[in-house]
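Here's the structure, in C-alpha cells; my notes come after.
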Amino acid sequence: QVQLVESGGGLVQAGGSLGLSCAASGRTVRWYTMGWFRRAPGKERQFLAAITTGSSTYYSDAVKDRFTISRDNAKNTVYLQMSSLKPEDTAVYYCAARTGPTTNAASLYDYWGQGTQVTVSS
C-alpha cells in the first residue's frame with residue numbers, strides 16, 4: 001500500500017511555470033512506476049508523464065519539452081515541473097503509482113492521489 005498526496009497547484013498566467021509535488025507514504029516511491037495524469041472538465045484522465053524504478057522517463061506528446069518528471073527517493077516524493085503553461089493545461093492533476101511496467105493507461109495504475117487544481121489564465 002502507498003498513499004499519495006499532491007500539492008503545489010494554483011493559479012498561474014499563460015507562459016508561466018508551476019511545480020507540483022506528490023508525497024508518498026507507506027512505501028517508498030523507489031519501488032513503483034510513478035505517473036502524472038490530468039483531468040479537464042468533461043474529459044477522461046490524460047497521461048502526462050511517467051518515471052520507472054530505473055529512472056527512465058516517458059512523456060505524452062502534449063507536454064514533451066514543457067513538463068519534467070523527477071523523483072527524490074530520500075524525500076519519498078515525485079515532482080512535475082511545468083513550464084510554458086497554456087490555458088488548455090487547466091485541469092486537476094493527479095499522481096499515481098503501480099507495481100508493474102510503465103504504461104500510459106490510467107486504468108492500470110493501482111494507487112491515486114486526490115488531485116490538485118491547476119488553472120492557467122490568459
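We count residues from 1, following the sequence as given. All heavy atoms count here, side chains included; hydrogens, waters and symmetry mates do not.
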Query - side chain to side chain donor-acceptor pair (under 3.5 Å) partners for T28, two or more places apart - result: N76

Report task. With sequence neighbours excluded, tell me which residues meet side chain to side chain donor-acceptor pair (under 3.5 Å) with Y94. Result -> R39

May I ask you to decide if [Y]'s main-chain N or O and [X]'s side chain share a donor-acceptor pair within less than 3.5 Å?
X    : Y   : result
T116 : Y93 : no
T77  : K75 : yes
E6   : C95 : yes

Minimal non-hydrogen separation, [X] against [Y], with atom names:
X    : Y   : answer
A91  : R38 : CB-CB, 3.8 Å
T102 : A50 : CG2-CB, 4.0 Å
S84  : S17 : N-OG, 4.5 Å

To the nearest 0.5 Å, what is the distance between [atom1] on [X] and [atom2] on [Y]?
X    : Y    : atom1 : atom2 : result
L108 : T103 : CG    : OG1   : 4.5 Å
D72  : R30  : CG    : CZ    : 13.0 Å
S56  : I51  : OG    : CD1   : 8.5 Å

Heavy-atom side-chain proximity of [X] to [Y] below 4.5 angstrom:
X   : Y    : result
T99 : Y32  : yes
Q1  : Y111 : yes
L20 : M82  : yes
W31 : N73  : no
T33 : P101 : no

In one Ile/Leu/Val/Met/Phe/Trp/Tyr side-chain cluster, 4.5 Å: [X], [Y]:
X   : Y    : result
L18 : Y79  : no
V92 : F37  : yes
L4  : V78  : yes
L80 : W112 : no
V63 : M34  : yes

Report task. Decide whether R71 and S55 meet the rule of one side-chain donor and one side-chain acceptor closer than 3.5 Å. Result -> yes

Query - R98 versus Y109, side-chain donor and acceptor atoms under 3.5 Å - result: no

Query raised in the report: How about E88: does its CD atom have over 12 heavy atoms from other parts shown lying under 6.0 Å from it?
Result: yes

Query - Neighbour count above 12 (heavy atom, 6.0 Å) for R66 CZ - result: yes

**Report entry** Residue of the set L48, D65, I69 for which side-chain contact (heavy atoms from CB on, under 4.5 Å) holds with Y59
**Finding:** I69

Requested in this report: Check the pair T52, Y58 against side chain to side chain contact (heavy atoms under 4.5 Å, CB included), reporting the backbone distance first and the verdict last.
Outcome: CA-CA 9 Å; T52 71; Y58 302 87; 3.7 Å; yes

